[in-house]
Amino acid sequence: MKLWGGRFSKETDSLVEEFTASIDFDRRLAAEDIRGSMAHSRMLSACGIISGDEAKSILEALAEISEEIARGEMQFSAALEDIHMHVEKRLIEKIGPAGGKLHTARSRNDQVALDMHMFVKTEILATEALVQNLQSVLLQVAQANLDVIMPGYTHLQRAQPVLFSHHLLAYFWMLQRDRERLQDSYARADLMPLGAGALAGTTFPIDREMVADELGFAGIYENSMDAVSDRDFAVEFLFNSALLMTHLSRLSEDIILWNSAEFNFITLDDAFTTGSSIMPQKKNPDVAELVRGKFGRVLGNLVALFTVLKGLPLTYNKDLQEDKEGLFDTVDTVKISLTLYAAMLRTVKVNSEKMYTAVAGDFASATDLADYLVVKGLPFRDAHAVVGRLVGICIEEKRRLVDLSEQELKDASALFGPDAKAKLTPESCIAARRSRGGTARDAVEIQITAARSALSRSRLERQ
Ligand code: ARG
């Protein structure tokens with residue numbers, strides 16, 4: 001007999017049972033479910049809705065059930081639908097009719113909302129900590145390679161020399177905003193829905209604040225219909241995760257390019273690459289590729305939940321059960337991606353000579369040559385044209401700008417003096433970009449100080 005079987009005169013069709021059950025995935029919420037039930041039963045007894053003895057036996061049995069589940073002893077079955085029913089059924093099995101009192105003043109609608117809030121809160125903290133860890137690795141690698149010079153790119157064309165550390169720190173700041181977004185979102189997950197009942201509240205004299213306090217929630221939902229319908233906090237987590245994965249995916253693209261034979265800017269450690277079953281020489285950057293690829297499912301999970309919510313009338317609809325698998329999948333995907341990325345970057349070998357050769361053998365200092373003429377009074381547009389012609393000559397004659405003689409420069413513009421050639425080294429280009437947030441070593445050092453203080457700041461208290 002089902003816990004809700006009273007008004008039914010027929011068995012549920014077995015395919016329907018299988019189709020509507022969520023136990024295969026929501027068993028993951030067992031710990032949250034039991035903690036929530038414990039808080040609820042304490043509150044019921046404190047409010048005189050059940051007796052102290054009943055609460056005591058419920059609490060003891062729930063603790064045992066929690067251990068049974070942890071030991072893998074609970075028999076899960078689609079006939080019992082979801083984790084809430086499994087726990088309640090087992091409770092009644094263990095302590096008899098007193099177990100049937102646990103569900104007083106509660107519905108699975110507010111119960112599942114509570115479990116989901118608790119889960120998301122935990123995972124915001126766990127994800128935020130992993131982001132912070134990856135940031136600290138980026139900072140370490142940047143500091144260890146502070147003076148390494150590489151080409152900076154626009155359109156994937158060599159553009160201007162930059163410090164490798166500057167390039168890495170760009171990702172540090174993306175992750176900083178990701179972390180702040182996670183921190184900010186915590187407040188919205190930190191609302192306690194229990195006590196909404198099925199949708200309209202309850203006839204029992206409950207104390208919702210007591211439950212919120214015990215479970216460590218900052219506040220409660222003010223509206224019972226909102227409380228059982230809301231999945232904003234899950235959407236927000238999925239969005240924050242998708243944006244975070246976008247950043248990791250862009251980093252992956254850089255890593256994959258840099259690790260290619262064509263670039264050869266870095267060498268990934270053997271432990272973080274894989275081989276080919278046919279080509280013996282291959283060493284593939286699979287971790288970076290998969291992180292890039294897994295963005296697809298993370299975005300998919302966000303779009304899926306948006307789509308589930310968009311047309312739903314208030315309040316609970318079974319559609320909402322679709323909120324879980326995508327969320328779990330995103331949590332797992334993001335956490336393993338962050339963990340692997342930190343380990344992979346920690347062991348990366350930086351091929352600084354290759355980077356330097358790539359920038360020194362190119363035209364990345366062209367802007368600086370134009371800027372030289374601007375300082376001498378030429379309008380930037382004219383300076384651009386002068387240097388553009390010089391670049392054209394060099395390309396034709398297979399030379400570099402540094403190979404031009406003082407006279408050749410003078411012929412292009414009388415404003416070029418003997419000090420012009422010194423502007424052409426990558427070192428000089430970098431040293432000249434001292435504007436705040438620029439790539440000069442001094443500016444990068446200021447940036448690193450700011451990064452260190454951002455890293456140690458957390459608006460969240462870790463529980
Ligand atoms: N398994 C359900 C879910 O995840 C729990 C809530 C079910 N409520 C209901 N009235 N059928 O959404």
Side-chain angles (χ1 to χ4, degrees), residues 1-8 11-37 39-40 62 65 69 74-92 100 102-123 189 191-202 211 221 224-235 237-238 301 304-331:
M1 174 80 161
K2 294 203 186 303
L3 289 173
W4 43 253
R7 61 101 70 211
F8 290 82
E11 300 266 288
T12 316
D13 179 276
S14 63
L15 199 55
V16 170
E17 225 165 47
E18 207 181 298
F19 182 63
T20 55
S22 52
I23 188 61
D24 278 352
F25 46 88
D26 69 13
R27 63 174 74 169
R28 184 161 174 175
L29 296 172
E32 286 81 3
D33 200 65
I34 290 175
R35 267 181 65 214
S37 287
H40 182 65
L62 284 174
I65 295 169
I69 295 175
M74 165 89 71
Q75 296 293 316
F76 294 110
S77 141
L80 276 177
E81 224 177 304
D82 55 29
I83 188 62
H84 325 297
M85 300 288 219
H86 277 78
V87 172
E88 192 180 334
K89 177 89 176 202
R90 183 77 186 112
L91 182 68
I92 294 167
L102 170 65
H103 211 51
T104 311
R106 186 177 78 170
S107 151
R108 277 186 295 157
N109 299 350
D110 54 350
Q111 186 179 357
V112 73
L114 174 67
D115 294 359
M116 288 289 282
H117 277 79
M118 290 165 74
F119 178 82
V120 168
K121 282 176 61 179
T122 304
E123 295 305 338
L191 290 177
M192 211 287 298
L194 205 69
L199 74 160
T202 172
V211 175
Y221 276 87
S224 63
M225 296 178 80
D226 182 30
V228 293
S229 307
D230 176 31
R231 295 294 182 274
D232 300 6
F233 61 100
V235 174
F237 182 82
L238 293 175
N301 293 334
L305 186 55
F306 261 131
T307 313
V308 164
L309 293 176
K310 167 211 181 256
L312 283 190
L314 297 187
T315 54
Y316 181 85
N317 299 270
K318 186 74 168 182
D319 315 45
L320 288 175
Q321 183 168 288
E322 286 290 308
D323 61 355
K324 292 176 195 60
E325 286 162 289
L327 177 68
F328 296 160
D329 179 66
T330 288
V331 162

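Counting starts at 1 for both ligands and their atoms, in listed order.
- At least one side-chain heavy atom of H84 sits less than 4.5 Å from a side-chain heavy atom of D115.
- Here T104 contributes atom OG1 and L102 contributes atom CG; the two are 7.5 Å apart, rounded to the nearest 0.5 Å.
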Between the protein and ligand 1, which nitrogen or oxygen pairs come in under 3.5 Å, and how far apart is each?
{"from": "ligand 1", "atom 1": "1 (N)", "to": "S22", "atom 2": "OG", "distance (Å)": "3.1"}
{"from": "ligand 1", "atom 1": "1 (N)", "to": "D82", "atom 2": "OD2", "distance (Å)": "3.0"}
{"from": "ligand 1", "atom 1": "1 (N)", "to": "Q321", "atom 2": "OE1", "distance (Å)": "2.8"}
{"from": "ligand 1", "atom 1": "4 (O)", "to": "K324", "atom 2": "NZ", "distance (Å)": "2.5"}
{"from": "ligand 1", "atom 1": "8 (N)", "to": "N109", "atom 2": "OD1", "distance (Å)": "3.0"}
{"from": "ligand 1", "atom 1": "10 (N)", "to": "N109", "atom 2": "OD1", "distance (Å)": "3.1"}
{"from": "ligand 1", "atom 1": "12 (O)", "to": "Y316", "atom 2": "OH", "distance (Å)": "2.4"}

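- The shortest side-chain heavy-atom distance between I83 and V87 falls under the 4.5 Å cut-off.
- Side chains of T12 and E81 form no contact here, defined as non-hydrogen atoms less than 4.5 Å apart.
- Under the 4.5 Å side-chain criterion, counting only non-hydrogen atoms from C-beta, H103 is in contact with Q111.
- Between the D110 side chain and the G197 main chain, a donor and an acceptor come within less than 3.5 Å of each other.
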